[in-house]
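Written below as structure tokens is the structure these notes are about.
Quick caveat, the model's predicted, so the values are computed rather than measured. Only heavy atoms go into these numbers, but all of them, side chains included; no hydrogens, no water, no symmetry mates.
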Amino acid sequence: MGQRTYLKGNMDILLIGIVVLCACYDVRSQIIPNVIVLPAILLFWGVHFAFDGWSGLSAAAAGTGLAFLFFLIPYMLGVLGAGDVKLFM
């Protein structure tokens, strides 16, 4: 159990780093690159699969899909940019 907690803690640190990197890009150029966001999504889906198997992967994919649908409405209304929607996923 200790090893699993250690790995999850490192994933939290990695996630914070990715969010900070995306925030820096967003502030500087008002663009959040797909080169950062999409591999991060795939990485964290892989982590969920590694920890919890297919149920973890399906839960992660469902959460990503729900976040996309939820933030699609503000995007369509012009309140959020596409990069913001990607980042929230």
Give a yes or no answer on whether the side chain of S55 reaches the backbone of D52 with a donor-acceptor pair at less than 3.5 Å.
yes
Is the backbone of L38 close enough, under 3.5 Å, to the side chain of K86 for a donor and an acceptor to pair up by distance?
no
With the side chain counted from C-beta on, respond yes when V85 and F68 share a heavy-atom pair under 4.5 Å apart, and no when they do not.
yes
With L14, which residues qualify under side chain to side chain contact (heavy atoms under 4.5 Å, CB included), at least two apart?
M11, I18, L43, F44
Working to the nearest 0.5 Å, report the span between CD1 of I41 and CG of L87.
9.0 Å
Which distance, rounded to the nearest 0.5 Å, do you find between the CD1 of I32 and the SG of C22?
5.5 Å
Same cluster (ILVMFWY, side-chain, under 4.5 Å), F51 and L15:
yes
Option among I36, V37, V20 that satisfies the side chain to side chain contact (heavy atoms under 4.5 Å, CB included) test with Y25
I36
Evaluate the ring planes of F88 and F71, with Trp represented by its six-membered ring, and classify them as parallel (under 30°), tilted (30 to 60°) or perpendicular (over 60°).
parallel
Determine yes or no for a side-chain-to-main-chain donor-acceptor pair under 3.5 angstrom, with D84 supplying the side chain and G81 the backbone.
yes
Which ILVMFWY residues can you reach from V79 by hopping between side chains whose heavy atoms are under 4.5 Å apart?
I73, L77
Restricting to non-hydrogen atoms, name the atom on G56 and the atom on H48 that form the minimum distance, rounded to 0.1 Å.
O-CB, 3.5 Å
To the closest 0.5 Å, what do you measure between CD1 (I16) and CG (L21)?
13.5 Å
